[in-house]
Amino acid sequence: MTTLGLVIAQFNRPITEQMEDAALEAATSAGAEVAEVVSVPGVYDAPLAADRLARLEAIDAVVVIGTVITGDTDHDQVITDAAAGRLADVSLERDTPVTLGVTGPGMSAAEARERVDNAAKAVDGALDLVDELPPP
């Protein structure tokens with residue numbers, strides 16, 4: 001059985017709560033276990049939590065869930081670029097799959113609600129990586 005760690009951004013919680021539910025349902029449907037769930041304030045804060053989970057021997061992959069909604073500035077682009085880059089670094093540095101179930105940037109709240117199922121896709125991606133990657 002594959003064991004996952006899940007990082008959930010609390011910013012935009014009405015949407016990320018639905019994303020969390022979708023991720024947990026996808027894991028259960030696939031026969032995977034979510035051993036650890038870590039809540040972080042926002043997507044920008046996810047790399048540290050993902051790194052801590054990836055260090056745990058019992059965790060096979062980490063799934064990061066969040067949504068970044070556009071505002072009046074380019075802040076959403078800055079946040080997603082920074083987080084995505086650091087999450088990729090965590091995956092490579094820890095030799096553990098870290099999948100990006102983060103929607104945005106450039107989305108309205110309505111568009112974010114339409115993309116809740118991206119969380120399930122991130123779980124599926126993590127499970128696929130665990131199955132397909134050759135042993136280190």
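Counting begins at 1 with the first residue of the sequence.
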Contact check, side chains of Val37 and Val34, non-hydrogen atoms, under 4.5 Å: yes

Non-hydrogen atoms of Ala22 and Asp117 that approach each other most closely: CB-OD1, 4.3 Å

Between CE on residue Met107 and CD on residue Glu114, distance to nearest 0.5 Å: 9.5 Å

List in chain and number order the residues that pass side chain to side chain donor-acceptor pair (under 3.5 Å) with Ser39, two or more places apart in sequence or in another chain; answer none if no residue qualifies. Gln10

Give the other cluster members for Val130, using side-chain heavy-atom distances under 4.5 Å between Ile, Leu, Val, Met, Phe, Trp and Tyr residues; answer none if it is isolated. none

Looking only at side chains, do Thr103 and Thr67 share a donor and an acceptor under 3.5 Å apart? yes

Nearest heavy atoms of Pro105 and Asp76, plus distance in Å: CB-OD2, 3.3 Å

Hydrophobic clustering (ILVMFWY, side-chain heavy atoms < 4.5 Å, transitive) - are Leu100 and Val123 grouped together? no

Distance, nearest 0.5 Å, that separates CG of Asp45 from CD1 of Ile79: 8.0 Å

Taking the side chain from Thr99 and the backbone from Ala122, do they hold a donor-acceptor pair closer than 3.5 Å? yes

Decide whether Ile15 and Phe11 are clustered together by the hydrophobic rule: side chain heavy atoms of Ile, Leu, Val, Met, Phe, Trp, Tyr closer than 4.5 Å, transitively. no

Contacts of Arg55 meeting salt bridge (charged side-chain N to carboxylate O under 4.0 Å, His left out) (sequence neighbours excluded), chain-then-number -> Asp51

Kindly say whether Ser108 contributes a backbone atom to a donor-acceptor pair with the side chain of Glu111 at under 3.5 angstrom? yes

Would you list the pairs meeting salt bridge (Lys or Arg N to Asp or Glu O under 4.0 Å) in which at least one residue belongs to residues 5-29, sequence neighbours left out? Arg13-Glu20

Return the CZ to CG distance between Arg113 and Asn12, rounded to the nearest 0.5 Å. 9.5 Å

Connected via hydrophobic side-chain network under 4.5 Å: Leu53 and Tyr44: yes

Which atom names give the shortest non-hydrogen contact between Val64 and Ala50, and what distance separates them? CG2-CB, 4.2 Å

For the OG1 atom of Thr80 and the CG atom of Leu87, what is their distance to the nearest 0.5 Å? 11.0 Å

If we only count heavy atoms from C-beta on, is the Ile65 to Val63 side-chain gap below 4.5 Å? yes

In chain order, what residues pass the salt bridge (charged side-chain N to carboxylate O under 4.0 Å, His left out) check against Arg86, with sequence neighbours excluded? Asp89

Which value, rounded to the nearest 0.5 Å, describes the distance between Lys121 atom NZ and Asn118 atom CG? 5.0 Å

Check whether Val43 and Val38 end up in the same hydrophobic cluster, where Ile, Leu, Val, Met, Phe, Trp and Tyr are linked by side-chain heavy atoms less than 4.5 Å apart. yes

Are Glu36 and Leu6 packed together at the side-chain level, in the sense that at least one heavy-atom pair is separated by less than 4.5 angstrom? no

Look only at the side chain of Asp60 and the backbone of Leu4, and say whether a donor-acceptor pair between them is shorter than 3.5 Å. no

Using atom types as modelled and distance alone, determine if a side-chain donor or acceptor of Asp131 lies under 3.5 Å from a backbone N or O of Asp128. no

Ala9 and Gly66: which non-hydrogen atoms are nearest, and at how many Å? CB-CA, 4.0 Å

Could you tell me which residues satisfy side chain to side chain donor-acceptor pair (under 3.5 Å) with Asp74, sequence neighbours excluded, listed by chain and number? none

First locate atom CD1 of Ile59, then atom CZ of Arg94, and finally report the distance between them rounded to the nearest 0.5 Å. 14.0 Å

Does any part of the side chain of Pro97, heavy atoms only, come nearer than 4.5 Å to the side chain of Leu133, both counted from C-beta? yes

Side-chain touch Val7/Val40, heavy atoms, less than 4.5 angstrom: yes

